[in-house]
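These notes concern the structure reproduced below.
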2 protein chains.
Amino acid sequence: MLYSKSAEYAIQAMIYLSENKSEKPIMISKIAASYDIPYQFLAKIVQTLVKQRLVKATRGRNGGINLGRPSHEIYVNEIVHAIDGPPPEREQCVIGLDLCSDETPCPLHDKWKPIRYKIAEMLAGEHLDDLAERVTAKREKMKK
Amino acid sequence: MLYSKSAEYAIQAMIYLSENKSEKPIMISKIAASYDIPYQFLAKIVQTLVKQRLVKATRGRNGGINLGRPSHEIYVNEIVHAIDGPPPEREQCVIGLDLCSDETPCPLHDKWKPIRYKIAEMLAGEHLDDLAERVTAKREKMKK
DNA sequence: ATTATATAGGATTATAAGGTCTTGTAATAT
DNA sequence: ATATTACAAGACCTTATAATCCTATATAAT
Ligand code: FES
Ligand code: FES
């Protein structure tokens with residue numbers, strides 16, 4: 001819908017890292033088990049995150065991964081772009097009628113444009129610290 | 001993003017029918033050429049639209065398709081559902097954390113819920129008559 | 001009746017996303 | 001040193017969507 005399954009898994013993994021802050025690296029297998037993500041698949045996704053410097057990897061025994069930066073400096077859209085690639089330079093029209101522009105709007109353009117903006121705003125406005133906090137709150141509630 | 005490529009083609013084809021109202025059937029190949037849609041692929045999509053009664057087909061020489069109902073009675077979401085299937089009964093969480101509900105919201109829930117509503121509203125609130133009119137306007141502008 | 005033409009529909013192929021398997025390589029505990 | 005552990009990485013498999021091929025069938029013009 002908004003991002004690929006891979007990006008969704010990446011977000012979940014990053015939230016996990018943000019929730020379980022520790023100097024010691026956290027194993028990918030642990031995260032995979034916790035969120036019920038196929039281990040090998042997550043490992044592959046993490047490789048990309050490492051290349052993009054969003055996480056740091058420590059190899060070998062007692063190895064694992066850590067956040068590449070403080071959690072309050074990592075925003076959701078960064079994660080999405082790291083996995084799915086950067087957003088298109090020119091916006092595409094929702095119903096595929098040539099390019100999207102205010103000058104030549106398609107029938108849905110006026111309704112779609114503010115929605116698209118809201119989505120971008122949502123992804124750009126949330127950093128991992130916020131997310132982790134609220135995920136923890138969700139878990140608490142679900143226990144009851 | 002919001003719907004499959006097939007559904008997008010279906011919307012385009014329906015708009016075409018709405019723009020070119022005529023008692024005589026309109027050929028699928030004409031529509032396909034006009035919107036640059038692979039002919040055979042569109043023909044297949046149209047088969048589904050016919051089964052769902054959104055368009056009526058006339059076979060044989062001078063055959064083609066027509067809208068199944070007056071254009072002001074056909075809404076975009078009907079077309080999407082006809083092609084992509086009905087929407088899920090229970091809303092899925094944007095970041096895949098169990099089911100979505102106000103009681104156990106995920107970190108993005110509060111920002112995502114109104115957006116999701118806006119999208120549904122957009123698709124349910126536009127009928128073909130509106131769309132066709134505005135597409136024609138778009139074409140006019142692009143000529144200049 | 002015959003022929004041309006347009007949709008109907010099953011079978012098949014292409015591409016991409018999602019997911020698995022196997023081997024390599026780095027780090028560390030013993 | 002060596003065995004073990006955990007990420008790295010490429011090859012491979014699976015599934016869903018997108019697209020194509022080919023033949024059947026309906027209809028109207030001749
Ligand atoms: S022109 Fe279609 S969404 Fe902007
Ligand atoms: S709980 Fe995540 S979107 Fe509602």
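Throughout, protein chains are lettered first and strands after them, A, B, ... in sequence-line order, and every chain is numbered starting at 1.
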Given B/Asp130 and B/His72, is the side-chain hydrogen bond (donor to acceptor under 3.5 Å, both in side chains) satisfied, shown in steps? CA-CA 8 Å; B/Asp130 280 347; B/His72 64 273; over 6 Å; no

Within the structure provided, determine whether B/Ile15 and A/Ile95 are in side-chain contact (heavy-atom separation under 4.5 Å). yes

Here the side chain to side chain donor-acceptor pair (under 3.5 Å) pairs for residues 1-15 of chain B, sequence neighbours left out, are B/Ser4-B/Asp84

With sequence neighbours excluded, tell me which residues meet ring pair (Phe, Tyr, Trp, His ring centres under 6.0 Å) with A/His127. A/Tyr75

Base, backbone or nothing for each nucleotide of nucleotides 13-23 of chain D, written B, S, -, heavy atoms under 4.0 angstrom, 5' to 3'? -----SBBBB-

Hey, does B/Ala57 reach any base, or is it just sugar-phosphate, or nothing, if we go heavy atoms under 4.0 Å? sugar-phosphate

Sorted by chain and number, sequence neighbours left out, salt bridge (charged side-chain N to carboxylate O under 4.0 Å, His left out) with A/Glu133 holds for none

Round to the nearest Å and state the distance from B/Lys56 atom NZ to D/dT27 atom P. 15 Å

Who pairs with A/Lys118 by salt bridge (charged side-chain N to carboxylate O under 4.0 Å, His left out), at least two apart in sequence or on another chain? none

Base, sugar-phosphate, or nothing: which does B/Ile28 touch, judged by heavy atoms less than 4.0 Å apart? sugar-phosphate

Can you measure A/Met27 atom CE to D/dT4 atom C1' for me and round it to whole angstrom units? 13 Å

B/Leu67 and B/Met14, any side-chain heavy atoms less than 4.5 Å apart: yes

Describe the nucleic acid contact of B/Gly60 in one word from base, sugar-phosphate, nothing, applying a heavy-atom distance below 4.0 Å. base

So the contacted stretch of DNA chain C, first to last nucleotide with an atom under 4.0 Å from a non-hydrogen atom of chain B, runs from C/dA4 to C/dA11

Does any non-hydrogen side-chain atom of B/Ile79 lie less than 4.5 Å from one of B/Leu128? yes

Quick one: A/Asn66 CG to D/dA6 C1', roughly how many Å, whole number? 13 Å

